[in-house]
Amino acid sequence: MQIYNTMTRKKEELVPLVPGQISMYVCGPTVYNFFHIGNARPFVVFDTFRRYLEYQGYKVHFIQNFTDIDDKLIRRAKEENTTVPELAERYIKEYYTDADALGVERATNNPRATEHIPQIIALVQTLIDKGHAYPTGDGDVYFSVRSFEDYGKLSGQAIEDLESGARIEPGEKKRDPLDFALWKGAKPGEPAWETPWGMGRPGWHIECSAMSMELLGPTFDIHAGGQDLVFPHHENEIAQSEAATGKPFARYWMHNGYINVNNQKMSKSLGNFLLVRDISKEFDLEAVRLFLLSAQYRNPVNFSRELVEQSAAGLARIRTARQRLKEAAVAPAPTEADAEFIRDISTHRAAFNAAMDDDLNTADAIGCLFDYARAVNTFVSEPRGKEALDKAAELFDSMTGVLGILQHEEATEFPKEALALLAERIEARKAKNWAKADEIRDALTAMGFAVEDSKDGAKLKKL
RNA sequence: GGCACCAUAGCCAAGCGGUAAGGCAGAGGUCUGCAAAACCUUCAUCCCCGGUUCGAUUCCGGGUGGUGCCUCCA
């Protein structure tokens, strides 16, 4: 499989450190609020990546952290008159609600920063001991950027170019404007932990280094996140980690593109972000997932209601095809057509795999799914042998399983009144009372159900 | 200013040297009492100008237009 490595800026063959296993770390949410659609993209994209690796037989050690201590949490907790741990606990719970609805599988591990304080302190201490970091005396500890020769290798920035943008905030005691905080001295009323250099709390960048190294070791396969984390977050992680261990940190870096709203980046400062929780009130989040996967992950996507509706229509098509396959009439004996279809199945599978192998080209892979759905729809228009139907279903479920769609059983329960009306309509149709049949269909439509007639009866479908 | 990215039909979106996947929407048809679903047919020479090549949407150069990072952010 080829993946695009941000570090080398080209597609590379994915060769894991340990054959058959992949260790990967994805930057997770800061849990001070519900997450927004921009946060959702890496969750969905890298979940899909993980699903594909597992489908290909890899054992994947998939880590996604929760940042549960930082300025935003402290501020928000104060606003809501609660504590930081309570706030974090609440939004971690809410994270799972939305992530589950998006079809995001649980990570192997969801480490929290506050549960790795000893490891963070030890890492900071190592950096101080090695001369890569310095305490200021009032609780802060900074990383000395100029002490790490390779600084800028991920983002392709020369140190001199970065310098112009950097500055020292009032009250900071940095030796160099480029230096960044590993540890922040405690202010009154804030959560704080005891350290050799005073009471305080971890900086953002160091958390990810400490947790990834703790759970995956000094060198691991893949580190992933949004494009906006390339600089400074991931650049800083590399500097800290490699300065501390003397070993290479992540071997491959993957970064997803942004979600735009009205062709503009969604961001905290612009205040134009859309919460997944709010979107879920209007749309099936599986449609949102399909929408997020409808473009290759490195390209930007523009979010709009209309586009999600397009994805919802496409998702319905996939669902219908799967349903038809499930309800397909079984022929008593296999035929030549069955044998031919079984041969076609491997062609479809190969096309799907090839798309996914090419840097997770989900747009192409979804195209393969639609191609396959059409083939299935045609195939099941007549009774077919059981073996062919089973094999068809197996591939179908593989594809939708990798993409993480059709994971929730469609609600098949209909209210009694609707079912009674449907029965009444079947009688009316038998009696060729078309006027009454149409009247009942209209009534059902008004209740929110579509009627689909077929040779052997009629079905209800939620609108 | 430095570093990147993008430009394909009404809307999305693959392809990236041999004359354009797929979906949504639209049109026509098959099926149906009528519908729906499904199936069939139909719907683009790929921003502009040069160059390389037998051949370029695909490579190179130059434009034009848009976006991002360099500051918290997925």
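Please read these numbers as outputs of a predicted model, since none were measured by experiment. Within every chain, numbering begins at 1; the chains are lettered A, B, ... in the order of the sequence lines, protein sequences first and strands thereafter.
- Taking atom P in both B:A20 and B:U58, one finds a spacing of 14 Å when rounded to whole Å.
- Only the C1' atoms considered, B:G10 is 30 Å distant from B:G17, to the nearest whole Å.
- Put simply, the side chain of A:R441 and the base of B:A36 share no donor and acceptor less than 3.5 Å apart.
- B:G15 and B:C34 have their P atoms separated by 44 Å, with the value rounded to a whole Å.
- Spacing between B:C40 and B:C48 at atom P, rounded to whole Å, works out to 33 Å.
- Between the CG atom of A:N256 and the C1' atom of B:C73 there is a distance of 12 Å, given to the nearest Å.
- No engagement by A:V230 is indicated, since no non-hydrogen atom pair under 4.0 Å with the nucleic acid exists.
- Atom CZ of A:F46 and atom C1' of B:A74 are 9 Å apart (whole Å).
- Base-pair partner of B:G65: B:C6 (Watson-Crick or G-U wobble, both distances under 3.5 Å).
- At a threshold of 4.0 angstrom between heavy atoms, the contacts of A:N433 with the nucleic acid are absent.
- With rounding to whole Å, A:K459 atom NZ is found 11 Å from B:A38 atom P.
- Distances shown here put every side-chain N or O of A:N377 at or beyond 4.0 Å from the OP1 or OP2 atom of B:A38.
- For A:K153, the NZ atom counts as densely surrounded, since its 6.0 Å shell holds more than 12 non-hydrogen atoms of other residues, nucleotides or ligands.
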Quick test: give all pairs of protein nitrogen or oxygen and nucleotides 3-6 of chain B nitrogen or oxygen below 3.5 Å, distance rounded to 0.1 Å.
| unit_1 | atom_1 | unit_2 | atom_2 | d |
| --- | --- | --- | --- | --- |
| B:A4 | O5' | A:R9 | NH1 | 3.2 |

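- A gap of 13 Å separates the C1' atoms of B:C73 and B:G68, to the nearest Å.
- The pair A:R441-A:E452 does not count as a salt bridge, with every side-chain nitrogen at least 4.0 angstrom from each carboxylate oxygen.
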Which donor-acceptor pairs under 3.5 Å do side chains of residues 340-352 of chain A form with protein atoms, sequence neighbours excluded?
| unit_1 | atom_1 | unit_2 | atom_2 | d |
| --- | --- | --- | --- | --- |
| A:S346 | OG | A:R343 | O | 2.8 |
| A:H348 | ND1 | A:D344 | O | 3.2 |
| A:R349 | NH1 | A:Y55 | OH | 3.0 |

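- Among the nucleotides B:A74, B:G15, B:G33, the one closest to any side-chain atom of A:D453 is B:G33.
- The aromatic rings of A:H223 and A:Y25 are tilted relative to each other, their planes meeting at an angle between 30° and 60°.
- A heavy-atom distance below 4.5 Å is not found between the side chains of A:T6 and A:M254.
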**Item:** Where protein sits on nucleotides 20-31 of chain B, one letter per nucleotide: B base, S sugar-phosphate only, - none, heavy atoms under 4.0 Å
**Value:** -BSBB-------
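- When the nucleotides B:A74, B:A14, B:A37 are ranked by their closest atom to the side chain of A:K461, B:A37 comes out on top.
- With salt bridges taken as basic N to acidic carboxylate O contacts below 4.0 Å, one links A:D359 and A:R298.
- Between A:R75 and A:D71 there is no salt bridge, since no side-chain nitrogen of the basic residue lies less than 4.0 Å from a carboxylate oxygen of the acidic one.
- Residue whose closest nucleotide on RNA chain B sits further toward the 5' end, between A:R425 and A:N361: A:N361.
- With both ends at atom C1', the span from B:U53 to B:A44 equals 25 Å, rounded to whole Å.
- Counting to the nearest Å, the C1' atom of B:A74 and the CH2 atom of A:W253 are 14 Å from each other.
- Cation-pi geometry between A:K11 and A:Y4 is not met: the NZ or CZ atom fails to fall both under 6.0 Å from the ring centre and inside 45° of the normal.
- To the nearest angstrom, P of B:C72 lies 12 Å from NE2 of A:H233.
- Taking a pair to require two hydrogen-bonding distances under 3.5 Å in either a Watson-Crick or a G-U wobble arrangement, B:U42 pairs with B:G26.
- For B:G33, there is no paired nucleotide, since no Watson-Crick or G-U wobble pair has both relevant distances below 3.5 Å.
- A:I259 comes within 4.0 angstrom of a nucleotide base, judged by non-hydrogen atoms across all strands.
- Between B:G28 and B:A74, the distance separating the two P atoms is 49 Å to the nearest Å.
- Among B:C11, B:A74, B:G33, the nucleotide with an atom closest to any side-chain atom of A:D438 is B:G33.
- A:D228 comes within contact range of at least one nucleobase, with a heavy-atom separation under 4.0 Å.
- Rounded to whole Å, the distance from OH on A:Y95 to C1' on B:A74 is 12 Å.
- A salt bridge is absent between A:R146 and A:D179: the closest approach of a Lys/Arg side-chain nitrogen to an acidic carboxylate oxygen does not fall below 4.0 angstrom.
- Across all strands shown, B:U71 has no partner, as no Watson-Crick or G-U wobble contact with both distances under 3.5 Å is found.
- Comparing the P positions of B:A7 and B:U57 gives an interatomic distance of 15 Å, to the nearest angstrom.
- Out of B:C11, B:G33, B:C72, the shortest distance to the side chain of A:L307 is found at B:C11.
- A:L275 has its CG atom 14 Å from the C1' atom of B:A74, to the nearest Å.
- Across the strands present, B:A13 finds no partner; the criterion is a Watson-Crick or G-U wobble pair with both atom distances under 3.5 angstrom.
- Place A:A321 and A:T30 on RNA chain B by their nearest nucleotides, and A:A321 ends up nearer the 5' end.
- If you take CD of A:Q227 and P of B:C70, they are 12 Å apart, rounded to a whole angstrom.
- Annotation: side chain of A:F148 is in contact with side chain of A:F143 (closest heavy-atom distance under 4.5 Å).
- Stacking of A:R50 on the aromatic ring of A:F62 is recorded, both the 6.0 Å distance cut-off and the 45° axial limit being met.
- A:N5 places none of its side-chain heavy atoms less than 4.5 Å from the side chain of A:R251.
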